[in-house]
Amino acid sequence: MTYETLLTETQGRVALIRLNRPKQLNALNDILMDELGAALTGFDADDGIGCIVLTGSDKAFAAGADIAMMAQKTFMEAYRGDFITRNWERIGTVRKPVIAAVAGYALGGGCELAMMCDFIIAADNARFGQPEIKIGIIPGAGGTQRLPRAVGKSKAMDLALTARTMDAAEAERAGLVSRVVPADKLLDEALAAAQVIAGYPLQAVMMVKECVNRAYQAPLSEGLLFERRGFHSLFATHDQKEGMAAFLEKRAPRFEHR
Ligand code: HXC
């Protein structure tokens with residue numbers, strides 16, 4: 001597929017999506033979000049893909065929603081059009097893992113987009129923040145909800161109220177990112193992690209994602225029950241028999257994703 005604002009490729013069972021509006025530091029406009037929704041939908045439906053990496057450029061993952069696009073918007077347009085539901089929730093409905101590989105700025109909607117992914121690998125030059133307050137608005141795509149869950153109330157308040165940004169080391173300490181790597185290794189590391197994931201039985205991978213996400217939406221007792229039933233169901237799969245047999249026979253498993 002050819003897109004105006006994205007570059008996509010596949011490497012074996014891994015799909016790579018690059019945001020590609022370099023002149024605007026990958027500011028997120030309607031075209032980009034529509035194309036991102038389409039690309040994610042396509043890879044999610046593709047049986048040959050087991051994991052997706054979403055990245056930007058060396059300078060910016062995304063510097064936020066496109067301010068030029070928003071500047072003249074009226075309340076009526078925002079409210080009646082339910083700005084910004086348009087394809088923003090799509091990323092949260094992808095059932096295969098999506099890794100955000102973040103270098104440079106991940107601000108405002110860019111930080112929110114990264115947080116909608118399943119985990120974030122950050123380059124050592126990454127900067128995260130919710131600076132919307134500086135332009136008279138507040139985060140609108142989950143920044144006031146996902147950020148406190150990731151880093152706690154105090155730091156989320158600090159970031160959203162002062163508009164300061166945090167560097168990759170602080171983001172890792174706070175639990176927003178899973179690992180920090182040298183900027184020139186970011187894509188290699190993210191793709192390597194994605195290859196590892198894509199090599200595992202897809203149904204188990206998807207079940208892990210569903211279960212971990214339950215931890216944010218359900219009381220502990222419900223989440224634990226959901227996990228246990230998922231755990232039970234994997235005993236119906238070929239790959240469970242193969243994985244355990246391979247371990248006992250001291251050989252590499254041959255997973256068939258079924
Ligand atoms: C539109 C943007 C942009 C944005 C940068 N650009 N961010 N255009 N929307 N969010 C454009 C600039 O206008 C400029 O275009 C070019 O990208 C390079 O940016 P510079 O500012 O010249 O670069 P630099 O000095 O390196 O500063 C980088 C920066 C700064 C710190 C990231 O650009 C910045 O503060 N951007 C805005 C960040 C922000 O406020 N994000 C939140 C947006 S609100 P020209 O044409 O001059 O070269 C939001 C709400 C989300 O995200 C709501 C839910 C979706």
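In each ligand, atom 1 is the first atom listed, and ligand 1 is the first ligand listed. Everything numeric in this text was worked out from a predicted model, so none of it was measured.
In this structure, ligand 1 sits under 4.0 Å from heavy atoms belonging to K23, Q24, L25, A27, K59, A63, G64, A65, D66, I67, M70, I84, W88, Y105, L107, G108, G109, E112, P131, E132, I135, I137, G140, A141.
Applying the side chain to side chain contact (heavy atoms under 4.5 Å, CB included) criterion to E170, with sequence neighbours excluded, gives K155, R164, M166, D167, R173.
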- Task: Give the C-alpha distance, both sets of side-chain angles, the deciding distance and a yes or no for side-chain hydrogen bond (donor to acceptor under 3.5 Å, both in side chains) between D66 and Q24.
- Result: CA-CA 8 Å; D66 191 317; Q24 295 84 10; over 6 Å; no

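The shortest distance between side-chain heavy atoms of L176 and I120 falls below 4.5 Å.
Salt-bridge annotation for E189 and R179: present, with a side-chain N of the basic residue lying under 4.0 Å from a carboxylate O of the acidic one.
A donor-acceptor pair under 3.5 Å is formed between the side chain of K209 and the backbone N or O of V94.
Under the 6.0 Å distance and 45° angle rule, R127 does not count as a cation-pi partner of Y105.
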